[in-house]
Protein chains: 2
Amino acid sequence: MPKRASMSDVARVAGVSLTTASRALNGVGRVSAETRARVIETAERLQFQPDMLARSFVTGRSFIVGVLAESARGRFSMPLIMGATNYLGRENIAAVTLDARGTPRILNDYLKRLRARRIDGLLVVGDDPNRASLVLSEDFAVPVVFASSSATPETDYVVAPDNRGAGRAAAEYLIGLGRRNIAHVTAAVHDPAVDARVDGFTEAMRSAGMPIAMGGPLYGSYLQRWGTAAGERILDSMAGGQPVDAIFAANDEIAIGLFAAFHRHGVRVPDDIAIVGYDNRLAGVMRPDHPLSTFDPDLSTVGERAAERLLQAIGGTTTPGIHYVQPTFVEGRSTIGPTLEPYDIL
Amino acid sequence: MPKRASMSDVARVAGVSLTTASRALNGVGRVSAETRARVIETAERLQFQPDMLARSFVTGRSFIVGVLAESARGRFSMPLIMGATNYLGRENIAAVTLDARGTPRILNDYLKRLRARRIDGLLVVGDDPNRASLVLSEDFAVPVVFASSSATPETDYVVAPDNRGAGRAAAEYLIGLGRRNIAHVTAAVHDPAVDARVDGFTEAMRSAGMPIAMGGPLYGSYLQRWGTAAGERILDSMAGGQPVDAIFAANDEIAIGLFAAFHRHGVRVPDDIAIVGYDNRLAGVMRPDHPLSTFDPDLSTVGERAAERLLQAIGGTTTPGIHYVQPTFVEGRSTIGPTLEPYDIL
DNA sequence: CTGAAAGCGCTTACAG
DNA sequence: CTGAAAGCGCTTACAG
């Protein structure tokens, strides 16, 4: 096979100096239009492809970024990383994907390696609030973007799902459906994603002048079991004369647990109680006719935006601050009917 | 901040030539033990980190590989790609992740770019049988490893889940449980994964001298709906005097569809009919006590092994051929009880 | 607008 | 065992 054409081959054939060829091909510096055209034509004819290794060497830009995950196996991280690396690939940027598995020692090791790799930037994926400071304390010389749902100082580049917006949207949606006694069943306090959703939900309820049913958010876990337990509690309360006609659940597992409790007691969804979940992780597993109304945080888009932001930061065309990605609402039978039966879900 | 030490800094400080420093640091060529020790000590003292960009430039090894997915969004591809990129990251290899989205034009574009990137190798993820020939016809100059469940010529490097082995194991497991009338409900013929599972299952049944219930595999789709339809058919057949006491389903959706049909007709699982699924995609979504017996193809391990294989191929330490990854069996209530109820699943 | 030349930081024949 | 020198393929002051 014929050796690849180098830029000096192009220069020689086009009858110009290497300098001029470089300038013409990169569209930088003054080159007469005709010279430029001739060089470009020659390059195409010779099927010239610039050697990125040489270019990297001389410019110091590696066209490689680091993607550092707190835990790559997490449900949160995987689609996010995929979204990011896909975007990067499309932009012809390579990624060194590293999984710190929550261990600072591993993290520091990795940071050292990334430096030797001369990466152009770093994308940090995860929710560990300590991570940020760790990385920054290393005073990494390249831009760092955080893709995370936890709050991070406004001095960093951050991309995150809008949990607060989702909480607000959930309340507004249920109010719009005419529901008047809306509860919120959520996971543990101090989980930043939980807190943000609670805040948004509370805000929207207050704006509508509506108290939160059950006296406020019910805190528990992300497990279906908790959804069922919360459901029992709500049924008790209803038996005691406290009406509940809609629930915003912090994830789909809780939503299904609630439904299970209600169905066992003959309470119909959505006829008696409408349920909105969060995550849409069960899409593709659940039946295709959308049994559950839920919010899809669109994590691969979060990853994509974070990667885009990183390239902008490298290019100096963005400023620090947090960018939110709006979760998409997926409307399903748990709020608009017809009445759900157990086998309608899976 | 002080400039990074270069190799010539190390050489100067250690009082040796650049040549010797390079040899000592890379452990190549003859260098006296004391010289080597001195150089290494000096390098450590100066915190020398070799510039990988320079090394790549001169050696032509980019320490970057391409990861080309037929469709990165596919359920199959995502964990596989994550497994691969994680392994690569640990080995300090960057990846350009590209999603051809089934389009040959995009594919060829990407291959051109990867060449300009001077990648060290290529990992192709996906099941499209045309993909392989496409890539190879480009006579890519670097090693190519296929991570795929479709059959590929023995002249390539291939890593794939052992579908045949899983089919065999499913039959043997159900036979071992004492079941005697075992059916197989699967998806479409000519899907390579389906065919391999059918082959393995058929083989094990034949070895045990047992006919396949229902006269042979029941072909349909991967949808839960098909599982339910197949369940109805099996119930009819049972009503007609043809016993069935176990089923191997081609995926978990089918398994759940089967269960739904049986439960509606008062047929108990596993008491009357044991069910084994495939995929374990619902782990983490289903209840934690393993409602469903199923095979986990361990796709991230497939990706990991494929990446490992790619690095071996680049290093010349492996030979072409197919390596299988054994799916892991996850035992659950659908085969060992107690009797499953609808809400036990999700 | 164009070109000769230096230089990026390594590896590796080649010669001793 | 050790070293002087060439060279990898580009970019970019510097000089014209």
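Since we're looking at a predicted model, the values are computed, not measured. Here is how names work: the chains are called A, B, and so on, in the same order as the sequence lines, proteins then strands, and each is numbered from 1. Just so it is clear, the values below take in all heavy atoms, side chains as well, and ignore hydrogens, waters and symmetry mates.
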Which whole-number value in Å describes the distance from A:Arg61 CZ to C:dC8 C1'?
17 Å

If only atom types and distance count, is the side chain of B:Asp51 paired as donor or acceptor with the main-chain N or O of B:Leu53 below 3.5 Å?
yes

Looking only at atom types and distance, does a side-chain atom of A:Ser300 sit under 3.5 Å from a main-chain N or O of A:Leu80, one as donor and one as acceptor?
no

What is the separation between atom CD on B:Glu34 and atom P on D:dC1, rounded to the nearest whole Å?
11 Å

Exercise: identify the closest heavy-atom pair between A:Ser62 and A:Arg117:
CB-O, 4.0 Å

Given side chains that start at C-beta, do those of A:Val13 and A:Arg45 come closer than 4.5 Å, heavy atoms only?
yes

CG of A:Leu25 versus C1' of D:dT12: gap in Å, rounded?
15 Å

Side chain to side chain donor-acceptor pair (under 3.5 Å) partners of A:Gln326, counting only residues at least two apart:
A:Asp162

With Watson-Crick and G-U wobble geometry limited to distances under 3.5 Å, how should the secondary structure of DNA chain D be encoded in dot-bracket form, using | for bases paired to another strand and [ ] for crossing pairs?
|||.||||||||.|||

Distance check, P atoms only: D:dA13 and D:dG9, in whole angstrom units.
23 Å

Quick one: which of B:Asn86, B:Thr97, B:Ile93 gives a side-chain contact (heavy atoms from CB on, under 4.5 Å) with A:Thr97?
B:Asn86

Whether B:Asp120 side chain and B:Val65 backbone form a donor-acceptor pair below 3.5 Å:
no

Ranking A:Thr59 and B:Val58 by the position along DNA chain D of their nearest nucleotide, the one closer to 5' is B:Val58

When rounded to whole Å, the CE to P distance for the pair B:Met7 and C:dT11 reads 4 Å

Rounded to whole Å, the CZ-P distance (B:Arg118 to D:dG9) equals 7 Å

Value in whole Å for how far the P atom of C:dG9 lies from CG of B:Asn26
17 Å

Would you tabulate the nitrogen or oxygen pairs shorter than 3.5 Å linking the protein to nucleotides 2-5 of chain D?
unit_1	atom_1	unit_2	atom_2	d
D:dT2	OP1	B:Ser32	OG	3.4
D:dT2	OP1	B:Thr35	OG1	2.7
D:dT2	OP2	B:Ser32	N	2.9
D:dG3	OP2	B:Ser17	N	3.1
D:dG3	OP2	B:Ser17	OG	3.3
D:dG3	OP2	B:Thr20	OG1	2.8
D:dG3	N7	B:Arg23	NH2	3.0
D:dG3	O6	B:Arg23	NH1	3.4
D:dG3	O6	B:Arg23	NH2	2.9
D:dA4	N7	B:Thr19	OG1	3.4
D:dA4	N6	B:Thr19	OG1	2.6
D:dA5	N6	B:Thr19	OG1	3.4

Mind calculating the distance between CG (A:Leu53) and C1' (D:dG7) to the nearest angstrom?
15 Å

Over all heavy atoms of both residues, which pair between B:Thr42 and B:Val10 is shortest? Give the atoms and the distance, please.
CG2-O, 3.8 Å

For the residue pair B:Ala307 and B:Ala84, what are the closest heavy atoms and their distance?
CB-O, 3.7 Å

Below the 4.0 Å mark, does C:dT11 have OP1 or OP2 next to a side-chain nitrogen or oxygen of B:Ser22?
yes

Please report the distance, rounded to the nearest Å, between CG in B:Asp51 and P in D:dC8.
19 Å

